[in-house]
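Input: a single structure, listed below in structure tokens.
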Amino acid sequence: MSAYDADAVVVGGGLAGTAAAIAVAKAGLNTIHLAPTAPPDRRTSALMRPSVDYLRQAGLIEDPAALGHALTRIRIIDATPRLIRAPETLFDAAEIGLDAFGWNFANARLLAQFHAVARTLDNLQTRNAGVTAFGPDRSLALSDGTSLRAPLVIGADGKKSLIRGAAGFRTRETAFAQSALVCDLDLGRSIGGASIEFHYPKGPFTLVPAGGNRANLVWIDDATVLAEARAGGPDALVATFLEKSQRLFGTIAMASPAFVFPLGTLSVDRAGADGVVLVGEAAHAFPPIGAQGLNLGLRDVADLAASLAAADHHQPDWAIAVSTDYSARRASDLARTGSVVDTLFRSLLADMIPAQALRAGGLWALKLAPALRKQAFAIGMGQR
């Protein structure tokens with residue numbers, strides 16, 4: 001009798017964890033997915049075309065337009081009072097022959113679709129249990145009092161990952177003074193398929209299309225400013241939203257409660273080792289700049305699938321080989337994306353005149369130079 005309860009255990013019930021569980025099961029492994037019940041995720045995710053292409057190829061979705069809303073344009077407005085300001089810049093997917101840069105999905109709706117796919121896989125068992133301890137022999141103690149052991153363990157259990165900490169992965173974390181306020185808004189005039197970013201001194205105020213006259217708001221500012229704004233009640237919030245959006249879209253009404261999330265960055269020294277791999281926010285976390293969070297998590301899952309496909313599962317150390325190969329595949333993407341997002345976020349907050357000049361000059365170059373615009377499109381969409 002095998003000492004293992006499954007070939008692989010995936011820990012974490014979010015979008016990245018569920019996508020990973022499906023990918024592992026589709027690789028032919030007997031898989032247990034530990035996904036404790038959690039409150040509904042009211043956030044949205046803007047997934048760029050390469051991520052959507054992966055979802056379709058992996059059989060996770062069929063038509064993105066049936067679940068999400070197309071992002072056809074990105075409009076950047078410098079709303080700062082700085083001495084050197086950037087020009088208003090518009091990026092249109094049609095410039096590079098695409099109908100959309102990507103699609104904006106409601107997380108809860110996308111997760112429900114993933115669950116529907118998971119239920120079709122006979123070798124994937126989902127359990128409503130969390131992990132309370134993780135041992136060096138890849139054994140897991142569960143919240144329901146049982147235990148499991150598998151040669152391959154995938155940690156997709158978020159920023160405070162128990163798997164990451166217990167397995168000894170080193171992290172680098174930076175907390176920012178800024179937080180993000182998110183909610184849904186009904187606008188007097190539709191923003192169509194355009195994601196509109198008003199860049200303010202302490203962070204962007206971004207409206208993302210959510211169908212019809214609805215938009216998802218992500219407002220980044222000092223944590224104290226957002227807490228005070230939220231404490232003022234819906235009417236005061238709407239007045240602030242009208243001011244921040246420069247009244248470009250007519251009336252504004254709140255379509256959901258507002259939530260505030262602290263911001264920071266997290267990176268790991270490596271994404272896999274000794275039969276353990278990390279995906280999603282267990283491996284990386286960024287401010288919601290450039291729509292990189294779940295996009296990067298899905299690239300984790302795609303590389304995990306590639307590592308599983310390349311492995312000889314008949315070898316006794318196959319899981320260690322998978323984790324080593326996965327870590328090598330993810331290293332450059334994680335380093336590059338982390339650097340780009342961190343630089344972009346800090347550039348938005350820079351008060352020094354040389355930094356303002358560099359940022360404004362960069363946007364002028366993107367506005368006027370087609371070759372640079374195409375390169376920016378590729379980076380923004382996460383093309384590899």
Side-chain angles (χ1 to χ4, degrees), residues 7-12 14-29 31 33 45 47-61 102 110 114 117-118 124 150-159 161 163-164 167 169 171 266-286 290-313 315 317-341 378-384:
D7 298 319
V9 174
V10 180
V11 182
L15 286 165
T18 306
I22 292 169
V24 174
K26 286 193 171 187
L29 301 184
T31 307
H33 183 204
S45 295
L47 296 184
M48 297 298 101
R49 182 172 287 271
S51 296
V52 175
D53 289 344
Y54 169 74
L55 293 180
R56 298 178 75 169
Q57 292 162 8
L60 288 165
I61 67 171
L110 195 58
F114 288 6
V117 174
L124 174 57
L152 181 64
V153 174
I154 295 96
D157 48 340
K159 294 179 185 178
S161 171
I163 299 299
R164 183 187 65 227
F169 290 90
T171 61
L266 180 146
S267 60
V268 292
D269 59 334
R270 51 186 176 170
D274 302 322
V276 179
V277 304
L278 304 175
V279 302
E281 290 189 337
H284 46 75
F286 305 110
Q292 289 301 319
L294 183 56
N295 287 281
L296 192 59
L298 291 174
R299 297 205 294 275
D300 294 339
V301 175
D303 276 341
L304 175 58
S307 294
L308 288 167
D312 182 353
H313 297 178
Q315 296 297 321
D317 61 348
W318 68 267
I320 293 175
V322 166
S323 64
T324 302
D325 181 71
Y326 171 79
S327 184
R329 290 176 187 268
R330 296 306 299 138
S332 62
D333 188 18
L334 293 179
R336 180 177 61 252
T337 303
S339 177
V340 168
V341 173
I379 293 172
M381 289 194 296
Q383 292 177 347
R384 295 191 282 175

Self-check item: Donor-acceptor pair, side chain of T324 and main chain of A321, under 3.5 angstrom
Solution: no
Quiz prompt | Heavy-atom donor-acceptor pair, D303 side chain to Y326 backbone, under 3.5 Å | solution = no
Give the minimum heavy-atom separation between [X] and [Y], together with the two atoms involved.
| X | Y | value |
| --- | --- | --- |
| L60 | A19 | CD1-CB, 4.2 Å |
| V279 | A20 | CG2-CB, 4.3 Å |
| G280 | A16 | CA-CB, 4.0 Å |
| V301 | A23 | CG1-CB, 3.8 Å |
| A167 | V276 | CB-CG1, 4.3 Å |
| I163 | L278 | CG2-CD2, 4.4 Å |

Practice problem: With sequence neighbours left out, write down each residue that passes salt bridge (charged side-chain N to carboxylate O under 4.0 Å, His left out) with D325, or none if nothing qualifies. | Solution: R329
Quiz prompt | Partners meeting salt bridge (charged side-chain N to carboxylate O under 4.0 Å, His left out) with D317 (sequence neighbours left out) | solution = none
Practice problem: With side-chain contact (heavy atoms from CB on, under 4.5 Å) as the test, would you mind laying out the steps for L15 and L298 before giving the verdict? | Solution: CA-CA 9 Å; L15 286 165; L298 291 174; over 6 Å; no
Are the side chains of [Y] and [X] in contact, using a 4.5 Å heavy-atom criterion?
| X | Y | result |
| --- | --- | --- |
| W318 | D312 | no |
| L266 | H284 | no |
| T31 | I22 | no |
| T337 | R299 | yes |
| D333 | L296 | yes |

Quiz prompt | Pairwise salt bridge (Lys or Arg N to Asp or Glu O under 4.0 Å) hits with a residue in residues 270-284, at least two apart | solution = none
Who pairs with [X] by side-chain hydrogen bond (donor to acceptor under 3.5 Å, both in side chains), at least two apart in sequence or on another chain?
| X | value |
| --- | --- |
| T18 | none |
| S161 | D157 |
| Q57 | none |

Quiz item: Measuring from L47:CG to L294:CG, what's the distance to the nearest 0.5 Å?
Solution: 5.0 Å
Quiz item: Who passes side chain to side chain contact (heavy atoms under 4.5 Å, CB included) against A21, sequence neighbours left out?
Solution: V10, H33, L124
Quiz item: How would you list, by chain and number, every residue that makes a side chain to side chain contact (heavy atoms under 4.5 Å, CB included) with A27, sequence neighbours excluded?
Solution: L308
Self-check item: NZ/NE/NH1/NH2 to OD/OE distance under 4.0 Å, R56 and D53
Solution: no
